[in-house]
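A short write-up of the structure that comes next.
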Amino acid sequence: MRLTEYPVQGQTVTIHVVETEEDLPAFQEFIYQEQGLLAHDCETTGLNWWDASAGTFHARLWQFGTADESYVIPVEKGLVFQDAARWALRTARRLIAHNGTYDLHVAEECLGIPMEELAPKSWDTKLIAHLVDPRAVKEQGPGLKLEELTRHYICKEIADAVKGSMTVIAAELGVKKADVWPVIPLQHYGFNLYAGMDPILAYRLFKILMPKIPARSRQRGLVPWEHRLAHICAKIERTGYLLDSKYAKEQSEALGREQERWEAVARLHGVENVNSNAQVIKALTEQGAVLTKKTKKGNLSVDDAVLTSIGGPLVEAIIGAKRANKWRATWFDRALAGQDQDGRVHAAINSCQAKSARMTITGAVPAQTLPAGDSYVRHCFLAEPGHVTVSSDYGNMELRVLAAFSGDRRMIGAFQRGLDLHQITADAAGVPRKAGKGTNFVATFGGGWKAIVEQYGVPEVEAKKAVKAFWQTYPGVKRFSDRLQREARRTGYIYTGTGRRIPVDPKRIWAALNYFIQSTSRDITARALIELDRAGYTQYVRVPVHDELVFSFPAEQAEELAAKTARIMEITLKGLLIPVDSEIGGQSWGSVLDLEASKH
DNA sequence: ACGCGGGGCACC
DNA sequence: AAACGGTGCCCCGCGT
């Protein structure tokens, strides 16, 4: 056993590094003592937990700790150490981890503990931190990463040391930082120190953050609710999504050829690198184009709108090459790179991530950013053999949430009678429906007439009229927005419909309404996932996409299951239904879009 | 070599 | 009175 002492907040913490079997009794004694509440963490060879069965991923260290003591177990060394870690995880009555979803996957894949066993007794400091303050570091918030939270709530020096330690080790070993995890010697001093600190920090954060959870959030039950949701998302991650790798490869190659063709054309016109805006600006200026549009930082802009307005063969080549490259790399190559042994891909579903608590879905299935207009990319993702894809989405979710919580009679009445809200707004202003629709959406963002002009291509006169009409037509919405802004000005926060507290920047006070709408809407989808899980449907869920759930259902029961799950998803808020519409497609996700397109 | 900000673009 | 809300990722260019 190797002992290292380290100063934290004026106290000394002790890290015990287990080296041999003889060290294990002391570890077991520690677990017996502290089994009521234990923090844990693991270090692995990479991040692709789904590759464990392929032998290209494994756990190296497993760490357990309290506020001032931790044990580092070298599980890579052999079964006896794995047994010890497994026993400790099973013995603990409550577990704390930071971003514990990951550790649950690793415990399942590498130690054989079903996540269903650990999840009910697990607490995640990332979720708790989000309930306390969801802001990212770049908006002056604490952030959500362990290192960021350590910096904000514990101390800067330790955060810097932890962040810097792996960089130092990588330099020392002469490898890139990203490649250090599988090659660093198991007994490396700095590695064990870094690893041993993590559960200590997580434990301390747990103690610091729990009392800071807003009373209303706690009373409304958000703490267990978010944990339950995170576990459901972990199960969806585990299931993964079947990839049509043949199709993905074909499309990737076709896009690669297209990219090369366009790049050759661009070179003929003097642009070596189409992704270099500096080169593009230089070449276009030399051609005589006059660039006027500026970026946010005041540089010359060469975005799609600018390029399209100039036109010509060079512009065509630049747009074509950039698009082909981005689509190939972002959608097809990313999916192909993430395949497991069974040809499935596993998204990372960050169940509570954005300021509004919206999920983000990253990795091999970036579900929230897949092109929605055509089915080209979504054809990659397949329901199981013999299954079909079903997409169920909420209709007008955000506007209905606004109507329900604002209590605006006219907006509620329009939805209840099945009227066209966009037309109502348009008629009130005497403008085309397009301007009315744009206004309805932009108003919920806190936007003004300029946004409607830019986003919807509506003439300035119409946009101005429509915005004015919106606030006059829906006075309840105005009162609701004003009330939220007053609350935000007075306290710095708003509370959502589910009791979640969201900070509002006083310099952007108009955002209060959108935070309420966006976050409350997110919680409606989250509630659907929880209710579907209770009813046993999680196995069929492939991805959540804000106001939509994508399912893989056995073909012969698809209609029945689609109907049953849609009824579970639906909810009535203050008397107003948030309806769900299900589309039953073929095997691929893309086929649902094709079906919708053919209807129109 | 790496991190990061900026630009651009994919989405709800 | 008006106010564009929330993301992730690819790429470049620059600073360390």
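Values below: every heavy atom of this structure, side chains too, minus hydrogens, waters and symmetry copies. Convention: sequence-line order gives letters A, B, ...; per-chain numbering from 1.
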Report which part of the nucleic acid [X] touches: base, sugar-phosphate, or nothing (heavy-atom distance under 4.0 Å, all strands).
X	result
A:K326	base
A:V302	sugar-phosphate
A:G174	nothing
A:G363	sugar-phosphate
A:S301	sugar-phosphate
A:R334	sugar-phosphate
A:Q455	base
A:L370	sugar-phosphate
A:P366	nothing

Spacing between [X] atom [atom1] and [N] atom [atom2], to the nearest angstrom:
X	N	atom1	atom2	answer
A:W331	C:dC10	CH2	P	9 Å
A:K468	C:dA3	NZ	P	14 Å
A:I578	B:dC12	CD1	P	18 Å
A:N299	B:dG5	CG	P	16 Å
A:L399	B:dC12	CG	C1'	12 Å
A:Y515	C:dC4	OH	C1'	11 Å
A:M359	B:dC12	CE	P	16 Å
A:D505	C:dA3	CG	P	18 Å

For [N], does OP1 or OP2 lie under 4.0 Å from any side-chain N or O of [X]?
X	N	value
A:R508	C:dG5	yes
A:W510	C:dG5	yes
A:K138	B:dG5	no
A:R358	B:dC11	no
A:N325	C:dC11	yes

Which nucleotide wins on minimum distance to the side chain of [X], given the candidates [options]?
X	options	result
A:K297	C:dG6, B:dG8, B:dG7	B:dG7
A:D303	C:dG5, C:dC10, B:dG8	B:dG8
A:F445	C:dG5, C:dC10, B:dA1	C:dG5
A:W449	C:dG8, B:dC11, C:dA2	C:dA2
A:T295	C:dG6, C:dG5, B:dG7	B:dG7
A:N273	B:dA1, C:dG6, C:dC12	C:dC12
A:A372	B:dC12, C:dA3, B:dA10	B:dC12
A:A278	C:dT7, C:dG13, C:dC10	C:dG13
A:I509	C:dG5, B:dG8, C:dA3	C:dA3
A:T330	B:dC4, C:dC10, C:dG13	C:dC10

A:N275 or A:P134: which one's nearest nucleotide on DNA chain C is closer to the 5' end?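 By nearest-heavy-atom nucleotide position, the 5'-most residue is A:P134.
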Would you kindly compare A:N514 and A:A329 by the position of their nearest DNA chain C nucleotide and give the one closer to the 5′ end?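 So the residue in question is A:N514.
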Would you say NZ of A:K464 has more than 12 non-hydrogen atoms from neighbouring residues, nucleotides or ligands within 6.0 angstrom?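 Atom NZ in A:K464 is packed in, count exceeds 12.
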Could you label the plane-to-plane angle of the A:Y247 and A:Y376 rings as parallel, tilted or perpendicular, counting under 30° as parallel and over 60° as perpendicular?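 A:Y247 and A:Y376: perpendicular rings.
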With salt bridge (Lys or Arg N to Asp or Glu O under 4.0 Å) as the test, pick out the partner of A:E226 among A:R527, A:R522, A:K126.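 The residue from A:R527, A:R522, A:K126 that satisfies salt bridge (Lys or Arg N to Asp or Glu O under 4.0 Å) with A:E226 turns out to be A:R522.
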Walk me through whether A:F445 and A:F441 qualify under ring-ring contact (aromatic ring centres under 6.0 Å, His included). CA-CA 7 Å; A:F445 292 160; A:F441 286 120; 7.5 Å; no
Using only atom types and a distance under 3.5 Å, with no angle test, would you say the side chain of A:S519 pairs donor to acceptor with the backbone of A:S356?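 Yes; at least one donor-acceptor contact below 3.5 Å.
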Any heavy-atom pair between the side chains of A:N440 and A:T444 that's under 4.5 Å?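 A side-chain contact is absent here, since even the closest heavy-atom pair is not under 4.5 Å.
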Once rounded to the nearest 0.5 Å, what's the spacing between atom NE2 of A:H130 and atom OG of A:S351?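 One finds 9.0 Å between NE2 of A:H130 and OG of A:S351.
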Does a side chain donor of either A:K434 or A:Y456 reach within less than 3.5 Å of an acceptor in the other side chain?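 Not at all, the side chains of A:K434 and A:Y456 share no donor-acceptor pair under 3.5 Å.
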Any donor-acceptor pair under 3.5 Å between the side chain of A:K322 and the base of C:dC10?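 No, the side chain and the base share no sub-3.5 Å donor-acceptor pair.
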When the C1' atoms of B:dC11 and C:dC4 are considered, how many whole Å apart are they?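 Per the computed distance, 15 Å lies between those C1' atoms.
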